[in-house]
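Atoms within each ligand, like the ligands themselves, are counted from 1 in listed order.
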Amino acid sequence: MKILLTGGTGYIGSHTAVALLEAGHDVTLLDNFSNSKPAVLDRLHTITGVAMDFFETDVTDEAALTEIMKQRSFDAAIHFAAPKAVGESMEKPLHYFKNGVGGTVALLQTMADHGVRNVVYSSSATVYGFSDDLPLVEGAPTVVINPYGRTKLMCEEILQDLCRADERWNAIALRYFNPVGAHPSGLIGEDPQGVPANLMPFVAQVAVGRRPELTIFGDDYPTPDGTGVRDYLHVMDLAEGHVAAVEHLASDPGYDVINLGTGSGISVKEIVAAFEKASGMPIPTVIAGRRPGDGPASYADANKAASVLGWRATRSLDEMCADVWRWQSQNPNGYGD
Ligand code: NAD
Ligand code: UDP
């Protein structure tokens with residue numbers, strides 16, 4: 001298949017590009033570099049031996065998307081491009097609606113105009129909010145807890161309406177749990193700008209000496225060790241989940257929504273211990289109060305991905321930590337400037 005990856009130089013997009021090429025597909029990447037670096041393209045070339053077909057484009061720019069569609073002929077798109085910081089979404093909701101929702105509509109419109117009606121969409125487990133009813137099945141109620149989550153839910157609904165209105169469309173919304181890890185080469189990985197908002201990149205920066213200690217947000221949750229529990233999955237497993245999803249589009253499934261997670265919950269303290277083991281470095285921690293908006297636990301029921309896509313996560317927590325450490329220790333400042 002020939003596949004357009006919006007947000008293709010980002011964390012998940014870049015790993016998915018590798019997995020798609022390995023599976024024998026052709027990829028074209030599009031990104032505006034708002035949260036990624038051009039250096040990713042050289043790293044992808046080194047890993048895959050393929051010079052990336054790339055457009056520096058904003059996904060909200062319909063005229064630019066039209067030019068790309070005229071120059072290439074795609075079988076499907078995987079739509080990653082969107083800003084993703086929960087806190088920022090509360091400060092700048094319009095930025096999130098313009099890029100997250102507006103970008104999706106612009107992409108779908110240009111796809112429709114050029115007869116491309118297969119899309120995989122990056123949704124998130126954030127659409128479930130927090131529930132006591134675990135593991136989370138796709139039919140669980142959705143709850144919006146911030147504008148970022150609303151953009152994800154709105155885009156899912158747009159895709160569902162589109163598939164209802166025109167049966168030629170196929171769309172799979174993938175609800176990711178907590179992607180971590182890096183390509184085993186250590187050449188690409190997660191490179192957050194500023195202070196990392198997420199646990200794993202923060203832990204990695206403590207291990208490499210960029211930050212003195214990890215603040216654990218709450219040790220009084222009703223979880224086995226009191227710290228928050230999440231479903232961490234290796235980004236290469238996630239990337240392979242996209243290969244399975246985009247290939248599944250060829251069977252004309254209409255609209256579907258599928259969790260991508262391991263199905264197991266891991267606590268903050270377990271992450272810290274696993275990372276200390278993988279890196280051989282101490283991770284000093286301090287306990288602070290709960291982070292606003294956080295809940296105790298979230299993990300997937302991963303059975304639908306297995307039955308519909310034939311996909312299951314296979315990589316262990318030790319492998320996730322070892323691969324993050326290889327990326328972080330080889331690139332202490334990420335992709336640099
Ligand atoms: P990322 O920021 O690394 O990648 C997103 C890419 O999109 C970046 O390279 C950025 O420059 C680009 N981009 C953003 N707005 C754009 C625009 N208007 N036009 C063109 N390019 C644009 O993030 P990621 O972790 O790779 O996430 C990819 C997708 O997966 C996002 O939609 C995100 O919401 C979703 N998601 C991520 C997680 C996670 O924990 N990483 C979890 C659930 C869902
Ligand atoms: N967390 C933490 N310290 C940090 C960042 C995160 O203790 O510096 C905790 C957070 O409270 C949650 C878990 O780590 O229990 C995962 O947080 P992350 O932001 O990575 O994922 P999300 O909460 O969005 O699922």
Best match, Lys84, Gln205, Arg290, Arg230: closest heavy atom to atom 22 (P) of ligand 2:
Arg230
Between ligand 1 and Ala81, is the shortest N or O to N or O distance under 3.5 Å?
no
Under 4.0 Å from one or more heavy atoms of Ser36, ligand 1 contributes atoms 8 (C), 9 (O), 11 (O)
Atoms of ligand 2 close to Ala197 [distance to a heavy atom under 4.0 angstrom, numbered from 1]:
5 (C), 19 (O)
Short list, please: which atoms of ligand 2 are under 4.0 Å from a heavy atom of Asp294?
10 (C), 11 (O), 12 (C), 23 (O)
Give the residue and atom name of whichever protein heavy atom lies nearest to atom 24 (P) of ligand 1, and the separation in Å to one decimal.
Lys84 NZ, 3.7 Å
Just wondering, are more than 12 heavy atoms of other shown residues or ligands nearer than 6.0 Å to CD in Gln71?
yes
For atom 1 (N) of ligand 2, which protein heavy atom lies nearest, and how many Å away is it?
Phe217 CD1, 3.7 Å
Minimum-distance protein heavy atom relative to atom 11 (O) of ligand 1:
Asp31 OD1, 2.6 Å
Which of the numbered atoms in ligand 1 are under 4.0 angstrom from any heavy atom belonging to Ser122?
29 (C), 30 (O), 32 (O), 35 (C)
Of the side chain and backbone of Thr57, name the one, both, or neither that has a heavy atom under 4.0 Å from an atom of ligand 1.
backbone
Consider ligand 1: state whether an atom of it lies below 4.0 angstrom from any non-hydrogen atom of Ser34.
yes
Using a plain distance cutoff, I'd like to know if Val59 has any nitrogen or oxygen under 3.5 Å from a nitrogen or oxygen of ligand 1.
yes
Looking only at heavy atoms, is any part of Tyr148 under 4.0 Å from ligand 1, and if so is it the side chain, the backbone, or both, or is it neither?
side chain
Do Phe80 and His242 have their ring centres less than 6.0 Å from each other?
yes
Using a 4.0 Å cutoff against the non-hydrogen atoms of Ser124, which atoms of ligand 1 qualify?
43 (C), 44 (C)
Can you report which non-hydrogen protein atom sits closest to atom 21 (O) of ligand 2, along with the distance?
Asn178 ND2, 3.1 Å
With heavy atoms of Asn35 as the reference, note each atom of ligand 1 found under 4.0 Å away.
1 (P), 2 (O), 10 (C), 11 (O)
Examine the proximity of ligand 1 to Ser123 and report which part, side chain or backbone, both or neither, has a heavy atom under 4.0 Å away.
backbone
What I want to know is whether Phe177 and ligand 1 share at least one N or O pair that is separated by under 3.5 angstrom.
no
Under a heavy-atom criterion of less than 4.0 Å, does Tyr232 contact ligand 2?
yes
Counting heavy atoms only, which of Arg291, Met200, Arg211 comes nearest to atom 17 (O) of ligand 2?
Arg291
With a heavy-atom distance limit of 4.0 Å, tell me whether Glu190 approaches ligand 1 through its side chain, its backbone, both, or neither.
neither
If you compare Thr215, Leu199, Val195, Val286 by their heavy atoms, the one closest to atom 3 (N) of ligand 2 turns out to be Thr215
Ligand 1 N/O within reach of Asn32 N/O, cut-off under 3.5 Å:
yes
Which ligand 1 atoms does Phe33 reach within 4.0 Å, using its non-hydrogen atoms?
11 (O)
Are any of the heavy atoms in Asn178 under 4.0 Å away from ligand 1?
no
Can you list the atoms of ligand 1 that are under 4.0 Å from a heavy atom of Asn99?
18 (N)
Could you list the atoms of ligand 2 found under 4.0 angstrom from a heavy atom of Leu214?
3 (N), 4 (C), 8 (O)
